[in-house]
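Working notes for the structure below.
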Amino acid sequence: WGGWAFDVESIDSKNHLVKLSRGGFQEARGGAINKNYFYVENVIEELDDDGEFYFDAVNHVLYVYSTNNPQQSVFEAPQLETLVSFRGSVENPVKHITFDGIIFRHSIPTFMSSYEPPPSGDWAIHRGGMIFCDGAENVTISHCILEIGRAVQ
């Protein structure tokens, strides 16, 4: 139920090698990468399905593959990891918060953010998300829609 993500450091096309760098911390166990099941993102040569994209960080150009008319398309680029945050303490908690019937959309992905293992278990968590509550009591989220990105922590 878990997975790892890595940054690609380099690609050696001649020898068919991909060198990975930062990443692999999304679970506490660690282990070997499954050589049969993996996927890559942000490879311009692989754009072949609606909604796929490539960002050229050097030239600051975004390429989006789409069969739709660009004049009739909507493009949304998330900028925030956390849309709503409450921070209290044991002595002074944030209390009695209710969200009812709200749509929360488009927070940025956190799979390459810092993760930490809990005191026990073979998994790890990122302390963040679309809605982040720390030192809070009696928080209710009902009849809401949370789309794309990490939802609630």
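Just the heavy atoms: all of them, side chains too, but no hydrogens, waters or symmetry mates, feed the values below.
Taking N59 as the reference, D56, V61 meet the side-chain contact (heavy atoms from CB on, under 4.5 Å) condition, with sequence neighbours excluded.
Annotation: the span from C133 atom SG to R87 atom CZ amounts to 10.0 Å, rounded to 0.5 Å. Note that CZ of R105 and CG of L146 are 11.0 Å apart. Values are rounded to the nearest 0.5 Å. If you take CD1 on I131 and CZ on F86, they are separated by 8.5 Å, rounding to the nearest 0.5 Å. Rounded to the nearest 0.5 Å, atoms CD1 (I97) and NZ (K95) are 11.5 Å apart. Taken from CD1 in I11 to CD in E9, the straight-line distance is 11.5 Å, to the nearest 0.5 Å. Atom OG1 of residue T140 and atom NE2 of residue H96 lie 10.0 Å apart, to the nearest 0.5 angstrom.
Within the 4.5 Å cutoff, no side-chain heavy atoms of F55 are placed close to those of Y63. When side chains are defined from C-beta on, V43 does not count as touching Y54, because their heavy atoms never get closer than 4.5 Å. In this structure the side chain of C144 reaches within 4.5 angstrom of the side chain of F104, judged on heavy atoms. In this structure the side chain of D7 reaches within 4.5 angstrom of the side chain of M112, judged on heavy atoms. Taking 4.5 Å as the limit, some side-chain heavy atom of S10 sits within range of a side-chain heavy atom of K19. Contact check for L80 versus S107: no side-chain heavy atoms found under the 4.5 Å cut-off.
Between the side chain of T110 and the backbone N or O of S113, no donor-acceptor pair lies under 3.5 Å. When atom types are taken as modelled, the side chain of H126 and the backbone of S114 share a donor-acceptor pair closer than 3.5 angstrom. Checked by atom type and distance alone, the side chain of D12 never pairs as donor or acceptor with a backbone atom of V18 at under 3.5 Å. Panel note: side chain T82, backbone F132; no donor-acceptor pair is recorded below 3.5 Å. A donor-acceptor contact shorter than 3.5 Å links the side chain of E52 to the backbone of D49.
Under the 4.5 Å side-chain heavy-atom criterion for Ile, Leu, Val, Met, Phe, Trp and Tyr, L47 and V64 are members of distinct hydrophobic clusters. The cluster map of Ile, Leu, Val, Met, Phe, Trp and Tyr, joined by side-chain heavy atoms under 4.5 Å apart, puts I102 and M130 in the same cluster.
Closest heavy-atom contact between H143 and D100: ND1-OD1, 3.0 Å.
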